[in-house]
Each structure stands twice: as C-alpha cells, then as structure tokens.
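Read through the structure below, which is laid out as structure tokens, and then see the notes.
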Amino acid sequence: MSGNGVTVKVEQLTRMFGKFTAVDHIDLEVGKGEIFGFLGPNGAGKSTTIKMLCGLLTPTSGGGYVGGLDIMRQSEEIKKIIGYMSQRFSLYDDLTVEQNIDFFSGIYSVPRSKAQGRKDWALSMAGLMDRRGALTKTLPTGVKQRLALGCAILHEPPILFLDEPTSGVDPISRRNFWNLIYMMAEGGATVFVTTHYMEEAEYCDRLALIYRGKIIAEGSPKTLKQSAMTKEVLEVEMENPVEAMEVLFTSGFDPSIFGSALHVTVDDGMVAEPAIRKALADAGMTPLRIEKIAPSLEDVFVNLIEVS
Amino acid sequence: MGGAEFEIETRSLAKHFGDVRALDGLDLSIGRGELFGLVGPDGAGKTTALRILSGIMDPTSGEAYVAGISVNRDPEAVKDKIGYMSQRFGLYEDLTTLENLLFYADLYEVTRKERPAIIERLLGFSNLTPFKDRLAGALSGGMKQKLGLACALIHTPEILLLDEPTNGVDPVSRRDFWKILYDLLKEGVTILITTAYLDEAERCGRVGLLNEGKLIVVDTPKNIKNSLGAPMVEIATHAVRAVEKLVRPLGGVLKVTAYGDRIHVALESMDRLGGVIAVIKDNGLPVEGSREIAPSLEDMFISLVERK
C-alpha cells in the first residue's frame, strides 16, 4: 500500500473453472474512500472477482492486495477488515432481528465493550429500533437489505464489498440504501459495489465494466458517457412508445423504452432522424419530438456490450 | 363462468398473517390480453396477491377468479390455466435446459405427441436452442430467467403470473426478456407482472400501485402521470446529491427526486424554475441543462407512496 491511499489493487487477476475463464487477467485499482461501481451482465465475472477480493476464492493466477493484505496468502486477515454483503446474504430468517445482530457480532468478534453500541447503531440504521424482536422473515425486502448491511459492518470494516445490494428493492428503499452507502464513504470507508440499476452507477466515483471476464471500459460516469460511446442517441417521444418500438424494431432500428420515450442508438443522428420519421409515418404514427440527447449510462452499457 | 369479461378478478381479497394485513381488500379486474403491472413498495402485498391467484395460498377472505374459475373453490383447476413464475423459480440446476423443460412437461401432463413442437418453439422463443444441453446451473442469470419463463409456458397457459421476473437481471437481458413478453402478448396471453423496476411498469397497458395491502391507483401509465397536477422539470447536473439537498427546501418546490445525473423537481408553477436555477448557480454548483418533462412513473410512485 502506497501513501496515496489505494485500498484495492489487483494485477492480471485470473480465475478458471475447468476450461472456462471466468475472470481473465484483469487490473483494478480502488482508492481509499472511493465508491467504485463494478458493472457487467449476468455471468460476466463480477461475483467471481468479488469473491477473490474477499478471500473466499483463490485466484488461478495473478494477484493483488486488499487493504495492504495479499489476497493469495492472507485471505483470513482480509476477512477481518472487510464487510461483504451479497444479494443472497444470508440473514437467518428464523432468528429475530436482534438474534441476527448478536450472531454476526460474535462471528466478527466485536469486543464486548462495543457490542451494545454497535447493535443500537445497526438497529437504528435499519429503522428497526422498535422491531428488534420481529422474525427476520417477516421484514420487507428493503428493510432486510438494510439489516444485512448493518450486520455485515458491525466490526466497522474500512472496506465494503456490496454485490447487488439493491436487487429487487423498491425505488424508495433503494434511495435510502444509497444514502447509507454515501454516509459510509463520507466516513472514510471504501465501497466496492455492483448493480444492475444504471442510475445507481451514476452515484459511483468510478466505474469498471466487465464482460466475458475482461474489463472493457473504465472511468468516471461522466468520462464513460463522453468517451466510451461512439454512436449517437436519439430520443423519440411518442404517444404510444410500445407500438412505436415494434415499428422501429421491424424497420431495422434498435430502440429501447425510457419512460414514455424511445432511445434509438444510431451511427449518425442527422441521417437516422428522417428514416425514423418515415418508418413511423408509414405506420401512421407521428413522433411528438425527436431530439439528439447525451447518452445515459444504460445506453453506454448496452452499446459497449453489443459492440464487444 | 360468471364474469367472463375479465381473465383475472378479485373482490375484497384479503390475507392476514397474524396481525399483519398483507392484503387488505384488493379489488382487481384484468381483461383478456392485457399486460398489467402491479407495483408497490417492498412488503406491499404483491407476492401474496400472485400466490393467491395461482392457487398456492388461500385468502383469509374475499374472492378471486382466474379464467372464470373460482380460486377459493377450485384452486387445482386454476393451475392448468396459468403459468406462474416466482422470484425463485424452481429450476433444477443439475438438469440441462432441455431436461428442465421435459420435467415440467411431465408435471403438467403435456402429451408426448405435443411435446416436440412445444419445446422447439419455447427454446426458439427464448433463444435457448444453442444452450439446450447446458446444465441449468451453468446458465447466466438472464438465461435462467428465460428458461424459467419457458418452463412456466410449457402447458400453453392463457394467463401468465410473473413475480419480479427481472430482479438481478442486467439491462441487456432485461430487454430480451421483455421482447419475449411482447411476443406472448401478441398471441393473446394475459400477463400480470410485478416489478421493482418502474421503467418496466411504464411498458404495461395498465398499472396498479399497491401499498399496505390496498390498491391506491389503477390506470394507464399516461393517466397516472397526468394526475400529478404540477409541472415537472428535469435539471441535469453532475453534482446531484448536493443539488438535491439544496433544492429540496426551496420555496415553490414540491418534490425532488434524484436520478443518477439529474434531478426531477415538481414545482408549484413554472415561474419558479428561474429562481431554483439561480440558487443552484449562486452556490457554485453546476447546471448542465433544464427542461420541462412529463413525470416518470417512478416520480409518481415516490410521490404517492410517501404522501401516505
């Protein structure tokens, strides 16, 4: 660990399962206090990478450091300085809220002098002060996720690995959850997070996109939107976007729905706009508006995957 | 078959778990061939509603009809009419794609004669033909969801009940999944889907917003969005969190919701916009653009749920 506060650094990290290369010579560097977003389609190698960083899976080759500890040789020590929460993070459904907290407090060897304070903190963070006796399985998904996060960081780890923490969580709870992530980053923690919600990816300081085991793009959300997209995006606002999507799809375009509008990724907006108008007119439809827009991260993500 | 005009109908449907009213008087009418989206916060009762409609859970009170059959009186007969896909769909990970389909064909007593054609069609439909001999456990998350859907369709049901089928599925795979749903819709299948992705709900013909076991709104996405009754503007900024905090307490601002690299602001009137922009700039924060927009369904969801 050099003085500039890099907390995660891996080089040429690789993991094979039989002949299948799940993670293929990747390099990553995450600075202290950074919120680092790790994106990629299902099966691209995200979880495998996180498991190696957490010391849960041994790399086939390559290596690196987490909090200054060697992921090849010091996997046990790493577990003490990290918090790990996955979408399937197993709180015990049949235990009460309080019993789950006590259980994880024991696992993480939280000293007795601190245990009560940390428990109160976890309860209040999850909004469960008045429901500490409730069975965990009766909690709504969003609350369970917050409790899971609380349990994963009872030992106040400086580095957090969150693997799809907001998957299937409603829009309000997701925003609450991200407030917690910010709070922790502001407190100096480094957060390594994966998500399929592209607007959440916007909240990260830096992003890396992994596809088929390789990093195919890296940078701040702003940089990625400005530089990683060679194509242009037209926003086509329609009275009935679903039917219009069908029309454009059969005319050879690749539209997708964003709210009541369609985003159409094209090589050249000036050329495509009249073609889109014509295709819609032939089907008896008139767009309310067609406008060239700055691509969203989702446009960038889908485009990068499709050209790879 | 009393109320044959509706494929799905419930009257004062209620389900209590001890003191918890998971469903508290649900009245729902869904016509043949509709794509109906049921949304709501975690724990609002969405999954409970689908479980009752699919005949695997008894209601505490009230009535439900599916394809004209009373779920209360004949839950077994309902199962032939519907395909039900739960969040944790029961795929057998150590069977191949094809073996999973054959297993469900057995379960649903699809005749030997019908099988080859149905299975070929479902594999083609879901783009899983090249993966028919792969173990289900080795499929990516997106492919597993598609296989789950194919299995739920094995007996050619006229009604599909999908409980958060795209949770944890990446943006590219989600698009594929929705293309399949549109194809099914064209064939006249009635689809009731729950989702935590509000951009998916925008694609439904009608949307019901469930909160605390009750429907608080049912309408087309367009009508729901028109009901806000206040102008909405979008302000693009790469300092979203700071801007959000700054704008929220300003006079004339009714609601602020962050979306990655932009905020949506509901205003008392459009004349307020100039003042809001001026305050942001006076505080040295960036504004990359602003425009009046139609609210998104996510805006409406947050506004309706938080008002309660």
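Each chain gets a letter, A, B and so on, in the order its sequence line appears, and its residues count up from 1.
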Legend entry - Shortest non-hydrogen contact from B/Gly168 toward A/Glu164: CA-OE1, 3.5 Å
Inset, instruction - Check the surroundings of atom NZ in A/Lys225: do more than 12 heavy atoms from other residues, nucleotides or ligands lie under 6.0 Å from it? - result: yes
Inset, instruction - For chain A, find which of B/Ile293, B/Val39, B/Thr257, B/Asp170 contributes the most heavy-atom pairs closer than 4.5 angstrom. - result: B/Asp170
Inset, instruction - Using non-hydrogen atoms and a 4.5 Å limit, figure out which bit of B/Phe17 sits close to chain A: side chain, backbone, both or neither. - result: neither
Legend entry - Portion of A/Phe249 that has a non-hydrogen atom of chain B nearer than 4.5 angstrom: side chain
Legend entry - Portion of B/Ser296 that has a non-hydrogen atom of chain A nearer than 4.5 angstrom: neither
Inset, instruction - Over all heavy atoms of both residues, which pair between A/Arg174 and B/Ala196 is shortest? Give the atoms and the distance, please. - result: NH1-O, 3.7 Å
Legend entry - Ion pair B/Glu244/A/Arg175, N-O distance below 4.0 Å: no
Legend entry - Between A/Ala44, A/Gly43, A/Ser167, the one whose heavy-atom pairs under 4.5 Å with chain B are most numerous: A/Ser167
Inset, instruction - Side chain from CB out, backbone as N, CA, C, O: work out which of these in B/Ala258 comes under 4.5 Å of a heavy atom of chain A, or both, or neither. - result: both
Inset, instruction - Compare every heavy atom of B/Gly260 with every heavy atom of A/Tyr203, then report the nearest pair and how far apart it is. - result: OH-N, 2.9 Å
Inset, instruction - Pick one of side chain, backbone, both or neither for B/Lys46, based on which atoms fall under 4.5 Å of a heavy atom in chain A. - result: neither
Legend entry - A/Lys144 versus chain B, the contacting section by heavy-atom distance below 4.5 Å: neither
Inset, instruction - State, with a plain yes or no, whether a side-chain heavy atom of A/Pro221 is found less than 4.5 Å away from one of B/Asp261. - result: no
Legend entry - Leading residue by heavy atom contact count with chain A [cutoff under 4.5 Å; candidates B/Lys179, B/Glu164, B/Glu200, B/Arg262]: B/Lys179
Legend entry - Side chain, backbone, both or neither of B/Leu198 within contact of chain A (heavy atoms, under 4.5 Å): side chain
Inset, instruction - Identify which part of A/Pro41 has an atom lying under 4.5 Å from any heavy atom of chain B, answering side chain, backbone, both or neither. - result: both
Legend entry - Under 4.5 Å from any heavy atom of chain B - which part of A/Glu246: side chain
Inset, instruction - Let me know if A/Ile305 has heavy atoms under 4.5 Å from chain B in its side chain, its backbone, both or neither. - result: side chain
Legend entry - A/Asn179, part contacting chain B, at a heavy-atom distance under 4.5 Å: both
Inset, instruction - Apply side-chain contact (heavy atoms from CB on, under 4.5 Å) to the pair B/Val305 and A/Ile172, showing each step before the final yes or no. - result: CA-CA 9 Å; B/Val305 171; A/Ile172 296 171; 3.7 Å; yes
Inset, instruction - Select one option (side chain, backbone, both, neither) describing which atoms of A/Ser173 are under 4.5 Å from chain B's heavy atoms. - result: side chain
Inset, instruction - Could you check if a side-chain atom of A/Glu291 sits within less than 4.5 angstrom of a side-chain atom of B/Arg291, using non-hydrogen atoms only? - result: yes
Legend entry - Under 4.5 Å from any heavy atom of chain B - which part of A/Glu200: neither
Legend entry - Gap between atom OG1 of A/Thr166 and atom CG of B/Asn167 - 0.5 Å precision: 10.0 Å
Legend entry - A/Asn42 to B/Gly142 - nearest heavy-atom pair and separation: OD1-N, 3.4 Å
Legend entry - Carboxylate-amine/guanidinium contact B/Arg241 A/Glu186, below 4.0 Å: no
Legend entry - Greatest number of heavy atom pairs closer than 4.5 Å to chain B - which of A/Ser256, A/Gly40, A/Cys204, A/Ala201: A/Ser256
Inset, instruction - Any chance you could lay out the side-chain contact (heavy atoms from CB on, under 4.5 Å) test for B/Trp178 and A/Met245, step after step, and finish with the verdict? - result: CA-CA 12 Å; B/Trp178 272 85; A/Met245 183 172 85; over 6 Å; no
Inset, instruction - Check A/Gly142 against B/Asp42 and note the closest heavy-atom contact, atom names and distance. - result: N-OD2, 3.0 Å
Legend entry - Residue part contacting chain A, namely of B/Val169, when any heavy atom lies under 4.5 Å: both
Legend entry - Residues A/Lys222 and B/Glu288 bridged, charged N to O under 4.0 Å: no
Inset, instruction - Tell me, out of B/Pro41, B/Ala236, B/Gly40, B/Pro171, who's got the most heavy-atom pairs with chain A below 4.5 Å. - result: B/Pro171
Legend entry - Between CD on residue A/Glu298 and CG on residue B/Asp199, distance to nearest 0.5 Å: 6.5 Å
Inset, instruction - Name the region of A/Tyr197, side chain, backbone, both or neither, that has any atom closer than 4.5 Å to a heavy atom of chain B. - result: side chain
Inset, instruction - Against chain A, label B/Arg203 side chain, backbone, both or neither, depending on which of its atoms sit under 4.5 Å from a heavy atom there. - result: both
